[in-house]
Amino acid sequence: MIELENLTKDFGPHRAVDSLNFSVAKGEVLGFLGPNGAGKSTTMRMLTGFIAPSFGTARICGFDIQAAPVAAKSHIGYLPEGAPAWPDMSAEAFLKFAAAARGLSKAEIKPQLARAVEATNLGKVLRQPIGSLSKGFKRRVGLAQALLHDPDVLIMDEPTDGLDPNQKHEVRDLIRAMAGDKAIVISTHILEEVEAVCSRAVVIAAGKIVADETPQELEARSHRHNGVWVTLSADADQAKSVLAALPDVAGVEAEPGGSRLFCRSTDKRSIAGAVAAALREHGLSFEEMHVERGRLDDVFRAITRHDADETPGQSAMARETEGALR
Amino acid sequence: MSAHATPHRLGLSFGAVGTIFKREMATYFATPLAYVFIVVFLVLAGSFTFYLGNFFDRGQADLISFFQFHPWLYVVLIPAISMRLWAEEINSGTIELLMTLPITTADAVLGKYLAAWAFTGVSLALTFPLWITINYLGSPDNGAVLAGYIGSFFMAGGYLALGSFISALTRNQVIAFVIATAVCFILTAAGSPLVTAAFSSWAGDGVVAFVRSMSFMNNFQDIMRGVLDLRDVVYFASLILFFLFCTVAAVNRFKGA
């Protein structure tokens, strides 16, 4: 439903987004990740027709965003970064305006509005001016605006930014509930969010794709993947030497002052069975043991820092250009 | 899921223009802006007419002493309306919301412009007690008065279109106001020696005559006496269209197109 074709954006001499090619199918929830200034917002702004690409293009439900912008935009629900809205309007007037601008008929507006308000839990504040609402409610007004017309494509720039943990949970539930019949793209730097709602993660750095896989595959890139955590009842030192001697264990780290050990696995092989057997053989009892899937944070740092180090000036500049546009 | 009817060749959809128009109009009256503007406009228009225009001393049942100050009133007051048209949207980020709706730039430019123009029209219409006064005091040529009102309305439209363009060039409303006021002043005074002198020293008579003909004042002078010349109407109409076109270009430039 979303197809990017060599999508590129230059700001002056700086290439903020560099030839992105990927597509998002119905039913997918794509998490769009990357450090600040990597080009996430710029890409989303091109997809939604807010800024024009320098080269390449994107198609939404088959409509080219440059050749048929109105048709393409009518299939999109978009939550821009920071959820901008006119502060003098009441939430209700704002949503009615958005519905009318989306071409919903008078008969459609009422039920659609009611549905969006219910999904985002806005009932209490409908009559209040948006300028007087808290950050969380303001964000939900933006969300309601994006969902109002039941779009085929939903694009959200940091949908949970600034929400409290309960609100984050609600928004994630909402995204999961809608996932079936839409193509959804969310940008975020909260990695737990990717695990929680996304079926696919695309990581970009300095405008280029550096990873495009499922969150689980991304986790598996971690050097800690398939390592084993063990919490021993007693005598961590003996256990440490026993485990370090195992063939598939590359190394054992002890948590400072604790009885908790982490065994790194050689070539990410599965070592849980061997670790358990070795401990039992030496009569060492343990309270807890679990397999590390890998930390998304580590992977994220490993694959994006490389690029950032290479061109520190560039990413600083990307931030500036994005700031200037805002 | 239905979109507006396919926009026609100009990239305009009447439904979308109407939706933008209604939102803008509601915003004027949801804030003190509308009321402050209308009160200041009426007070200034009234005091100019009576004190500077010697409305009573002239002993004429017409509104020339009222209309003759309109260009100068508009120079200051119209930029106060036009400054927020685009600069505010750019600065607050709502332009991103507006431009990602399934509407064209032309829809948004026209909808916002028409709302601002209709709003100034409301302010102008609220000066009707003056019209009642002259009808009570004498028997004026009401056709001439109507021509004056129409001319004044079109002139306001010209200033607004110019202000809309300048507002789309900046995110700062104060800059939009100051520059629009300066440009409106120059355009208004283009027929006066103040501006023509700057040209006459180096340019030929033809250029000076052209500059003078571009003046709002010159084109309004006849209208306020009740002579609605087609040339003046064409002048203001083409000025409005030209600057609206420029506004669309400025907004699109901002989008990087």
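In what follows, every chain begins at residue 1, and chains take the letters A, B, ... in the order their sequences are listed.
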Notebook entry, point to check: Which residue pairs pass the side chain to side chain donor-acceptor pair (under 3.5 Å) test when at least one of the two sits in residues 50-62 of chain A, sequence neighbours left out?
Noted result: Glu5(A)-Arg59(A), Thr57(A)-Asp64(A)
Next item on the list: Check the pair Asp150(A), Arg115(A) against side chain to side chain contact (heavy atoms under 4.5 Å, CB included), reporting the backbone distance first and the verdict last.
Entry: CA-CA 10 Å; Asp150(A) 196 17; Arg115(A) 196 183 48 81; 3.8 Å; yes
Notebook entry, point to check: Quick one: what part of Gln66(A) sits under 4.5 Å from any heavy atom of chain B, side chain, backbone, both or neither?
Noted result: neither
Note to self: Looking only at heavy atoms and a cut-off of under 4.5 Å, which of Glu89(B), Lys22(B), Glu88(B) has the most pairs with chain A?
What the structure shows: Glu89(B)
Next item on the list: Would you confirm whether the ring centroid of Trp86(B) sits within less than 6.0 angstrom of the ring centroid of Phe254(B)?
Entry: no
Notebook entry, point to check: Can a donor-acceptor pair be found between the side chains of Thr188(B) and Tyr74(B) at a distance below 3.5 Å?
Noted result: no
Checklist line | Region of Pro69(A) that comes under 4.5 Å of a non-hydrogen atom in chain B | finding: neither
Next item on the list: Check whether more than 12 heavy atoms from other residues, nucleotides or ligands sit under 6.0 Å from atom CZ of Phe50(B), and answer yes or no.
Entry: yes
Margin query: Please tell me whether Phe154(B) and Trp117(B) form a close aromatic pair, meaning their ring centres lie under 6.0 Å apart.
Written below: yes
Next item on the list: Determine whether the side chains of Asn21(A) and Asn6(A) contain a donor N or O and an acceptor N or O closer than 3.5 Å.
Entry: yes
Next item on the list: Sort by residue number and list every member of residues 25-47 of chain B having a non-hydrogen atom under 4.5 Å from chain A.
Entry: Thr27(B), Thr31(B)
Item checked: Contacts of type ring pair (Phe, Tyr, Trp, His ring centres under 6.0 Å), residue Tyr78(A), not counting sequence neighbours -> none
Check: Out of Leu30(A), Val29(A), Val153(A), which one pairs with Ile184(A) under the side-chain contact (heavy atoms from CB on, under 4.5 Å) rule?
Finding: Val29(A)
Margin query: Taking CZ in Phe22(A) as the centre, count heavy atoms belonging to other residues, nucleotides or ligands within less than 6.0 Å. Is the count above 12?
Written below: yes
Item checked: Other residues, nucleotides, ligands: >12 heavy atoms within 6.0 Å of Lys96(A) NZ -> no
Notebook entry, point to check: Which residues in residues 128-140 of chain A have a heavy atom less than 4.5 Å from any heavy atom of chain B?
Noted result: none
